Asks: 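Okay, here's the structure, questions in a sec.
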There are 2 protein chains.
Amino acid sequence: MVTIKDVAKHAGVSVATVSRVLNNNGYVGTETRKNVMAAIEELNYSPNEVARSLYKRGSRLIGLLLPDITNPFFPQLARGVEDEAGRQGFRLLLGNSDEDIEKEMDYIQTFVQNNVVGMITATNHVDYDMYQSLDLPLVLLDRTSSSYPAVYADGREGGRLAAETLIKKGAQRVTLVKGPAHVKPAVDRYRGAMEVLGEADVDFSVMSTTSYAFEEALNWAEELFQKFPETDGIIASNDIVGIAIIHEALKRGKNIPEELQIIGYDDIPQSRLSYPPLTTIRQPAYEMGRKAAELLIQRIGQPQQEHRSIQMPVELIERHTTRKDDQE
Amino acid sequence: MVTIKDVAKHAGVSVATVSRVLNNNGYVGTETRKNVMAAIEELNYSPNEVARSLYKRGSRLIGLLLPDITNPFFPQLARGVEDEAGRQGFRLLLGNSDEDIEKEMDYIQTFVQNNVVGMITATNHVDYDMYQSLDLPLVLLDRTSSSYPAVYADGREGGRLAAETLIKKGAQRVTLVKGPAHVKPAVDRYRGAMEVLGEADVDFSVMSTTSYAFEEALNWAEELFQKFPETDGIIASNDIVGIAIIHEALKRGKNIPEELQIIGYDDIPQSRLSYPPLTTIRQPAYEMGRKAAELLIQRIGQPQQEHRSIQMPVELIERHTTRKDDQE
DNA sequence: TTGAAAGCGATACCAG
DNA sequence: CTGGTATCGCTTTCAA
């Protein structure tokens with residue numbers, strides 16, 4: 001490994017000087033700088049971030065804590081974070097929590113031990129001690145809290161929009177699939193949808209699901225049709241469940257969207273691939289990730305600043321699991 | 001921040017002693033150990049990994065370089081790596097290369113600068129200088145090379161299996177969708193399939209695709225039916241394309257699997273969600289990730305050891321885009 | 001404009 | 001069994 005010492009020796013200067021040209025601060029003569037640069041080049045030197053981090057008590061690393069990268073909504077968030085962070089010279093330490101507090105604490109601890117300069121987390125546990133006592137710039141992603149800056153989509157509005165759409169398009173017996181109670185954005189959507197359903201002249205039912213796990217999606221879909229065979233409009237808890245519902249509906253010979261309309265949530269990339277392609281409420285996941293990184297890095301610069309959250313707009317993506325217009 | 005010094009002071013011993021109990025080596029009196037433990041507990045101390053890493057010239061970090069986590073095959077790989085690494089006390093630095101050499105080099109550099117102890121990469125560029133000159137345990141994931149240990153699935157066999165299946169099930173005019181030429185596993189599959197097709201009594205065509213990008217999938221599907229409207233059996237380059245093909249076929253009123261059989265590749269989680277659910281060749285992605293981590297960590301322990309690669313078996317998952325049996 | 005040296009938080013060697 | 005101290009690679013005073 002080539003160190004700053006080697007460079008210094010090679011250039012015939014002190015390490016202090018090398019450090020100065022490396023960081024572009026302090027005075028350094030033009031000639032000297034040129035020599036040092038040459039030495040760096042020749043030796044193919046790049047500074048040890050660990051040593052740097054130790055002295056500065058801060059690395060160029062950001063901790064990213066996600067529930068489960070295997071759930072298709074999160075890779076997009078992650079990519080957004082990574083791309084923006086990367087552009088600004090930061091790298092990512094990644095952790096999947098599975099919404100499990102133990103794992104979450106574990107990751108947070110190692111993030112801290114590794115001197116991350118900030119952290120982006122999609123957690124439902126912000127109110128726990130570990131977060132309170134965390135002395136790090138933090139931004140919440142896809143979650144909210146009054147205590148921290150956050151980047152999230154307007155879940156309530158999303159829920160409303162989904163319900164309004166279905167009603168406007170003439171659904172009479174709506175089924176609302178409720179996501180897991182411990183997942184905040186899921187309950188926001190649920191509430192939004194409920195508001196609208198409560199005010200409308202339609203019958204509706206609610207079906208609870210307790211997980212977002214992939215393997216379960218088809219089971220939920222099956223259960224749904226067993227319990228509510230007469231439904232003609234379904235608000236799915238997310239796109240995965242929505243796609244599973246399409247599957248099950250087709251299997252049962254239902255016509256989509258004539259007999260049964262379905263609306264999803266998230267607009268994951270594969271939603272346009274289903275047949276018929278899924279109408280859904282879009283969350284701008286990639287953009288959310290980007291913004292979160294932006295916000296965090298900004299806070300890393302000025303930690304004292306009052307914090308601000310960003311609510312991203314949600315959008316109806318009309319595809320073919322809903323009817324073109326009201327066809328009562 | 002509480003340091004080893006604080007603990008030492010609190011426990012009335014030297015830092016050396018604290019270090020000993022921390023690392024469980026050297027002699028330490030029972031009483032002393034107890035005191036130190038107590039101090040650690042009380043101060044809620046946890047050692048600074050950065051300092052440790054600096055001295056030891058090695059962290060507890062592993063670099064994971066993937067083409068694009070947004071492509072549904074990779075999250076599973078990543079989860080496998082993370083879970084196994086985590087179990088053994090390692091954390092992940094994540095990078096997406098987009099198969100771009102610049103980005104790849106950038107990530108590798110920062111991985112090194114951060115003292116990662118090893119690296120897992122799904123790259124097509126192993127033969128570049130940067131890898132040759134890399135003095136780090138390295139394992140390839142989903143790629144192969146004679147120079148490094150690797151964990152990969154048997155692409156050739158997978159391709160063969162796909163083609164054999166389609167033929168056995170009575171396809172007469174097969175279309176083989178060829179993945180991007182610069183992606184190694186894609187060409188392995190292609191070759192495998194070609195071997196079988198060449199030996200069989202069926203007509204077949206090859207359609208080239210130049211990217212695995214999500215947004216393109218539907219375009220490839222459309223192009224396929226324009227170019228080869230008469231095909232009755234399609235070997236997709238991966239499940240995403242397979243699902244897009246189902247979409248397009250249904251849109252064109254084709255009966256699956258009676259008129260048209262389709263077989264995918266990868267067995268990503270959403271493949272069972274399509275309707276009809278996609279028959280596919282399964283790569284055990286999660287398990288591959290796990291094995292890669294296992295292999296790497298093993299090598300970190302004994303770097304000199306002769307390296308060994310692991311080829312994972314590939315498996316036909318029969319769902320409903322192929323016929324039950326030969327129905328010529 | 002430059003260099004010497006202290007220090008970041010840990011580990012491990014050497015004495016005692 | 002325990003403590004003092006050099007060391008890891010870098011940054012940043014302080015003096016010259």
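The shown structure was predicted, so the numbers you read here are calculated from the model rather than taken from an experiment. Proteins come first, then strands; the chains are lettered A, B, ... in the order of their sequence lines, and each starts at number 1.
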Asks: Take atom CG of B:N24 and atom C1' of D:dC1, then tell me their distance rounded to the nearest Å.
Replies: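 After rounding, the reported distance stands at 15 Å.
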Asks: Whole-Å distance between D:dA6 P and B:L54 CG?
Replies: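 Distance check: B:L54 CG to D:dA6 P gives 17 Å.
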Asks: How close or far is atom C1' of D:dT2 from atom CZ of B:R33, stated in whole angstroms?
Replies: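 B:R33 atom CZ is separated from D:dT2 atom C1' by 13 Å.
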Asks: Any side-chain N or O of B:T32 under 4.0 Å from OP1/OP2 of D:dT2?
Replies: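 B:T32 to D:dT2 OP1/OP2: side-chain N or O found under 4.0 Å.
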Asks: Rounded to whole Å, how long is the line connecting atom OH of B:Y27 with atom C1' of C:dG16?
Replies: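 B:Y27 atom OH is separated from C:dG16 atom C1' by 16 Å.
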Asks: Roughly how far apart are A:D266 CG and A:N71 CG, rounded to 0.5 Å?
Replies: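 It is 7.5 Å, given to the nearest 0.5 Å.
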Asks: Would you call B:D83 and B:R87 a salt bridge, using N to O less than 4.0 angstrom?
Replies: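 Judged by the 4.0 Å cut-off on N to carboxylate O distance, B:D83 and B:R87 do not form a salt bridge.
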Asks: Round to the nearest Å and state the distance from B:N35 atom CG to D:dC1 atom P.
Replies: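 So the two atoms are 15 Å apart, to the nearest Å.
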Asks: Expressed in angstrom and rounded to an integer, what is the separation of A:D6 atom CG from D:dG9 atom P?
Replies: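 Those two atoms, CG and P, are 9 Å apart.
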Asks: Scan B:V50 against the nucleic acid and name what it touches under 4.0 Å (heavy atoms): base, sugar-phosphate only, or nothing.
Replies: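 Result for B:V50 = nothing.
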Asks: Identify each atom pair where a protein N or O and an N or O of nucleotides 10-13 of chain C are less than 3.5 Å apart, giving names and distance.
Replies:
residue, atom, partner, partner atom, Å
C:dA10, OP1, B:Y45, OH, 2.9
C:dA10, OP1, B:N48, N, 2.7
C:dA10, OP2, B:I4, N, 2.3
C:dA10, O5', B:Y45, OH, 3.4
C:dT11, OP1, B:N23, OD1, 3.2
C:dT11, OP1, B:N23, ND2, 3.1
C:dT11, OP1, B:R52, NE, 2.7
C:dT11, OP1, B:R52, NH2, 3.1
C:dT11, OP2, B:S19, OG, 2.8
C:dT11, OP2, B:N23, ND2, 3.3
C:dT11, O2, B:Y55, OH, 3.4
C:dA12, O4', B:Y55, OH, 3.2

Asks: Rounded to the nearest 0.5 Å, how far apart are CD of B:Q113 and OG of A:S59?
Replies: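 So the gap between those two atoms works out to 12.0 Å.
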Asks: Between CG of A:N35 and CD of A:E31, what distance do you get to the nearest 0.5 Å?
Replies: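 It comes to 5.5 Å.
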Asks: Taking the six-membered ring of A:Y107 as reference, does the cationic atom of B:R91 (NZ for Lys, CZ for Arg) lie under 6.0 Å from its centre and within 45° of its axis?
Replies: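 Yes.
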Asks: Counting N and O atoms only, with roles assigned by atom type, does the side chain of A:E82 sit under 3.5 Å from a partner on the main chain of B:N96, one being a donor and the other an acceptor?
Replies: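 Side chain of A:E82 to backbone of B:N96, a donor-acceptor pair under 3.5 Å: yes, one is there.
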Asks: In whole angstrom, give the distance that lies between atom NZ of B:K9 and atom P of D:dT2.
Replies: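 Computing the B:K9:NZ to D:dT2:P distance gives 20 Å.
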